[in-house]
Amino acid sequence: MPEPHKPPTPPQRAAGGVGTSPVRPDATAKVNGAFEYASDLRADRMLWGHTVRSPHPRARILGVDTAAAEAIPGVAAVLTHADVPAAKHYGLIESDQPVLAADGTHYQGEPVALVAAEDLETARLAAESVKVDYEVLEPRCDPRRAVELGEVFRHQPVRIGDPDLTEPAVVVTREYVVGMQDQAPLGPESGLAVPSPDGGVELRVATQWLHSDLDQIAPCLGLEPDMVRITMAGIGGAFGAREDLSVQIHMAMLALKTGRPVKMMYDRAESFLGHVHRHPARMRYEHGADAEGRLLYVKAEIVLDGGAYASTTDAVVANAASLAVGPYEVEHVAVDVWGAITDNPPCGAMRGFGGVQTCFAYESQMDALADELGISPVEIRRRNAVSQGSKLITGQLIDAPAPLADMLGRFTAMPVPAIAAERDAADLPGGFGNTTRGEGVVRGVGYGVGLKNICYSEGFDDYSTARVRLELVDGEPVAFVHTAAAEVGQGHQTLQAQIARTELGVERVELLPADTSVGSAGSSSASRQSYMTGGAVKAACEAVRELWTERDLADGPIEAVREFRHRETKPMDPVTGQGDSHVQMALCVHRATVDVDVELGLVKVVELTAVQDVGTILNPVALEGQIHGGSAQGLGLAVMEELVMDEGRVRNASFTDYLIPTILDMPPMRLDILENADPAAPYGLRGAGEPPTLSATPAIVAAIRDATGLPLTRVPVRPEHLVGTP
Amino acid sequence: MNTQLKDPNDVSVGRTKEMFHRPTDIEEAVSCLAAHPGAVPIAGGTDVMVGVNYRRLRPAAMIDLTGVVELREWSDEGDAIRIGAGVPYARIIDDLGGVLPGLAAASRTVGSPQIRNRGTLGGNLATASPAGDAHPPLLAAGAKVEIASTAGRRTVPAADFYTGPKRSVLAESELIAAVIVPKAAGPQQFLKVGNRGAMVISVCSFALSLDVEGRAVGAGIGSAGPTPLRATEAESIELPWDKSGPLGDETVERFGALVAEAARPIDDVRGTAAYRRHALAVCARRALLRAWKELLCDWN
């Protein structure tokens with residue numbers, strides 16, 4: 001008689017379980033090139049879809065003539081606004097974005113028409129042959145002007161105390177600018193739509209939130225939600241760029257119209273125009289402090305450019321407002337954040353989500369205060385640091401560990417690296433350009449601290465769903481885990497398997513493809529999936545374990561579905577900004593050491609050390625990857641990454657001219673990871689993907705200031721800013 | 001859903017034999033070019049295919065040069081190296097670093113390893129972008145471009161080759177056969193300014209070539225004018241060739257200023273005209289100081 005399979009009690013530290021770094025399920029295929037990205041999808045009888053886009057930031061559409069395009073052999077369909085089956089608009093928060101432009105366009109690259117053809121080249125030719133009669137209008141590109149005119153997606157004030165009643169010993173006032181950063185995922189927007197025999201459509205697409213896509217796609221197609229089935233496709237990075245829809249409705253329309261599978265894949269230039277960007281920001285900050293450097297008040301006016309459509313600007317504004325002073329205690333605050341409506345490209349989600357822009361400003365302000373008072377950058381931060389029991393400027397109590405002063409202190413044990421006697425070109429500013437062998441090079445050191453909210457805020461019903469089935473396969477218990485959580489490269493699939501191993505004591509875990517046949521997992525955004533889908537998988541496993549105690553697994557599979565919710569949050573008060581709007585707060589501290597070629601204005605970051613409190617380490621390798629990656633994107637914003645705009649037009653929609661850091665630009669990182677558990681979170685974890693993106697940028701710019709003595713109030717810092725030429 | 005791995009033919013431009021030619025020698029290649037107006041020669045494809053993929057280029061036909069052996073070889077001609085137009089940067093780096101240090105240094109800054117494996121010197125000239133990395137060292141060294149057509153061969157000094165942004169003296173019926181680069185007769189330097197440690201288009205670049213016996217200076221400028229430029233005024237600067245010691249600050253300053261003056265930069269997304277002039281002066285000064293230091297080491 002076989003041994004009955006019994007549940008583990010209590011859950012053990014299992015091999016490949018929580019706290020370990022098992023090999024990712026997609027690792028081998030990604031290394032040997034066999035991984036199927038969304039851009040690799042194919043189907044029999046497949047057509048290629050292509051998008052006709054407006055070249056003008058603002059124009060009236062007087063007519064669209066599709067006859068020439070339709071006449072091209074191999075063209076199967078040409079669709080315009082009139083062909084959108086049902087709802088004509090979609091959007092993440094507000095349905096304000098046309099599926100295809102009707103009367104006018106409001107940003108460069110706005111989709112106007114669609115074509116499907118037998119091959120990509122024919123589809124491109126046909127797209128060029130669609131004649132759109134535009135009346136070109138002057139675009140409205142100045143976000144401050146938009147605010148003056150009241151053209152905003154949201155205005156969020158925060159008011160506590162009265163800054164004007166304080167008596168500061170020192171006041172620093174500066175204006176800061178953050179350029180438009182792009183997520184620059186290496187995989188372009190791609191997907192495949194296949195019409196189903198029942199009149200519905202199956203979509204395979206690389207996205208961040210399958211169910212949010214579904215909620216936006218189905219109404220536009222005029223289909224019941226169960227007629228639209230979405231499966232996650234292999235993704236090549238996201239970083240927020242895939243929260244908004246791109247190819248989804250378009251390829252579904254073409255597939256339903258032609259009755260054939262349709263693939264769409266943007267090229268690089270189209271990708272830059274086809275997704276939202278990080279909001280550029282103009283920020284005026286005034287900090288008042290006493291003679292010891294303790295903050296008395298902060299005033300801030302922050303204008304974020306939301307561009308032409310709402311996307312997630314509403315939530316980005318809320319983050320910028322609630323996080324406007326960073327992780328510092330201050331009793332008198334007057335903050336205003338506006339999300340402006342312009343004819344610039346729509347801006348929305350990007351890693352850091354409203355926290356990045358303000359972090360550059362408030363950290364620069366802390367350095368300016370320290371400078372005025374003659375105290376060190378670490379000391380000014382230590383004197384104002386929040387801790388458990390502090391309140392955010394929204395009045396929300398920080399009720400979990402937030403040991404900022406301790407984190408700042410840990411750098412003394414990690415000294416700044418010495419200047420090497422022999423330096424390779426790779427170690428110097430300008431790199432292999434051979435511009436310096438030490439000539440003109442000056443070193444500087446700087447610090448940055450970031451505070452980021454984890455999970456969705458402001459009363460959003462944020463939940464995730466997991467279905468876990470345990471059954472015997474060849475006499476061995478195997479856990480089947482099914483969620484709709486988007487694996488965006490962060491390693492969430494690996495984590496789901498780790499949790500199942502820990503909770504169920506099994507070795508084998510099979511992950512079912514993420515799709516819409518299971519409940520929503522919410523978005524792979526806001527550093528929330530470990531918390532939310534991790535929490536859901538844990539809860540479902542616990543339920544299975546409970547059922548397992550009552551019977552033998554040999555009698556049949558045991559299955560449980562669980563929804564997991566984090567604690568309730570509240571909207572910010574529209575006048576005072578007060579309210580417990582956030583779930584969890586996360587801190588990261590960076591120190592950067594830079595070598596600046598002060599004659600050429602080139603920067604080499606030679607050290608980037610991070611101290612981050614993650615509550616509990618669930619997967620050391622994946623976690624380190626997140627901190628490295630977030631820091632790299634922060635480095636990019638500090639010294640190179642910007643979509644350059646000219647009257648609503650993107651001037652550098654290519655990887656030739658939109659530069660992102662390579663491995664050569666990133667120094668090897670030293671990480672000091674703290675584990676002060678959050679008792680409210682699964683396993684005590686704290687979301688970790690975003691915080692490093694905030695603090696890396698101000699740390700690097702502070703280091704460049706230290707080297708050059710320049711004020712540097714704009715990122716990215718460009719070479720001409722450092723050498724003083726126009 | 002029936003899916004499979006990627007098929008590179010998805011985005012191919014030519015499908016018929018009339019559109020694709022693969023000659024095996026230069027004579028066949030130029031005949032082919034003459035017979036097919038609008039045909040585009042392709043070697044590494046690192047420029048041509050980007051143009052095709054972005055629909056800036058729709059060649060009527062392509063002439064694949066990778067089968068032409070003469071184009072894939074370099075030879076020692078005594079005072080000079082003759083580099084076949086189809087020699088990739090990786091070979092220049094590996095094989096010619098000793099005799100052509102300036103060109104090899106510039107080749108090291110081209111793109112990524114993959115690009116350096118495929119991209120060719122002939123392609124850089126045929127594209128004639130002012131930002132092409134090979135141009136400044138060719139100008140500084142006084143290289144010549146050998147051009148073939150059905151009418152025979154002609155040779156054009158690099159300084160006369162470029163006529164405008166992405167324009168050259170190359171006629172549609174002509175093919176670049178080789179580049180003849182005098183062997184280094186003294187220290188050579190190449191400095192390229194870009195806002196990333198590698199894999200970056202130059203904001204500006206500068207090449208210096210010193211001919212010790214001939215007491216001559218060569219100075220080439222990249223990415224700071226409608227074409228790659230020679231800094232002829234700077235080239236005529238007086239240097240203490242009589243081994244009298246280090247360069248005076250005034251000489252170095254003047255050299256930098258003359259190089260900056262020779263530039264004709266514009267403001268674009270990669271940098272401003274003012275920055276480019278400034279950076280060129282810095283690069284020219286550093287190049288001269290480094291080269292002179294090398295000379296002093298040789299002399300002592």
Side-chain angles (χ1 to χ4, degrees), chain A residues 34 36-37 39-44 48 119-121 124-125 128 192 194 202 204 231 261 267-269 425-426 428-437 439-440 597 599-604 639-640 644 646 651-652 654 656-657 659-665 716 718-720 723-726, chain B residues 1-7 9-15 50 52-55 58 105-106 108-112 131 133 189-206 267-283 285-287 289-290 293:
Chain A
E36 187 184 52
Y37 288 95
S39 49
D40 298 321
L41 293 167
R42 290 184 60 78
D44 288 341
W48 284 85
D119 58 70
L120 177 58
E121 184 64 8
R124 287 168 163 174
L125 269 172
E128 285 170 14
L192 181 67
V194 181
E202 287 187 31
R204 291 188 66 189
T231 304
D267 66 27
R268 183 57 57 195
L428 286 161
F432 289 125
N434 191 31
T435 46
T436 182
R437 294 172 179 176
E439 304 105 306
D597 182 337
E599 291 180 316
L600 287 176
L602 301 177
V603 176
K604 167 69 184 175
V639 294
M640 61 179 87
V644 179
D646 179 17
R651 293 180 64 201
N652 55 336
S654 74
T656 305
D657 286 317
L659 300 182
I660 56 177
T662 73
I663 191 71
L664 193 62
D665 304 291
R718 294 178 60 100
E720 52 265 35
V723 301
T725 58
Chain B
M1 207 172 289
N2 180 12
T3 62
Q4 63 186 60
L5 283 183
K6 58 190 135 194
D7 172 0
N9 292 327
D10 280 346
V11 289
S12 73
V13 280
R15 286 175 196 77
V50 174
V52 169
N53 287 340
Y54 280 97
R55 281 99 69 204
R58 288 187 190 277
R108 276 184 208 103
T109 74
V110 173
S112 60
D133 293 315
Q189 283 287 324
F190 178 75
L191 292 82
K192 167 172 158 180
V193 177
N195 199 23
R196 181 158 75 181
M199 242 169 69
V200 64
I201 305 280
S202 72
V203 174
C204 60
S205 64
F206 179 71
D267 289 341
D268 66 17
V269 74
R270 292 174 197 148
T272 62
Y275 173 77
R276 287 183 159 107
R277 268 191 211 280
H278 167 89
L280 277 171
V282 174
C283 288
R285 293 198 301 260
R286 289 181 182 178
L289 281 168
R290 287 181 200 172
K293 193 173 162 194

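Lettering follows sequence order; numbering is per chain, from 1. Remember, predicted model here, so these are calculated numbers, not experimental data.
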Carboxylate-amine/guanidinium proximity below 4.0 Å for Glu439(A) and Arg285(B): no

I'd like to know if Glu36(A) pairs up with Arg42(A) as an ion pair, taking the criterion as any Lys NZ or Arg NE/NH1/NH2 lying under 4.0 Å from an Asp or Glu carboxylate oxygen.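 A salt bridge is absent here (no side-chain N lies under 4.0 Å from a carboxylate O).
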
State, with a plain yes or no, whether a side-chain heavy atom of [X] is found less than 4.5 Å away from one of [Y].
X: Leu289(B); Y: Gln189(B); result: no
X: Ile201(B); Y: Arg270(B); result: yes
X: Tyr275(B); Y: Val203(B); result: yes

Tell me which of these, Val644(A), Leu664(A), Asp657(A), Leu602(A), has more heavy-atom pairs under 4.5 Å with chain B than the rest.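 Among the listed options, the one with the most contacts to chain B is Asp657(A).
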
Identify which of Ala426(A), Pro429(A), Gly430(A) forms the greatest number of heavy-atom pairs closer than 4.5 Å to chain B.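 Sorted descending by pairs with chain B, the first entry is Gly430(A).
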
Using non-hydrogen atoms and a 4.5 Å limit, figure out which bit of [X] sits close to chain B: side chain, backbone, both or neither.
X: Ile660(A); answer: both
X: Val639(A); answer: backbone
X: Thr436(A); answer: both
X: Asp646(A); answer: neither

Arg277(B) portion near chain A, given a 4.5 angstrom heavy-atom threshold: neither

Chain A heavy atoms under 4.5 Å from Tyr54(B): which part of the residue, side chain, backbone, both or neither? side chain

Between Arg276(B) and Gly271(B) (side chain of the first, backbone of the second, donor and acceptor by atom type, cut-off under 3.5 Å), is there such a pair?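 Answer holds: yes.
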
With chain A, which of Met199(B), Arg286(B), His278(B), Lys192(B) has the greatest number of heavy-atom pairs at distances under 4.5 Å?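 It is Arg286(B).
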
From Leu191(B), Asp133(B), Thr109(B), residue fulfilling side-chain contact (heavy atoms from CB on, under 4.5 Å) relative to Ser202(B): Asp133(B)

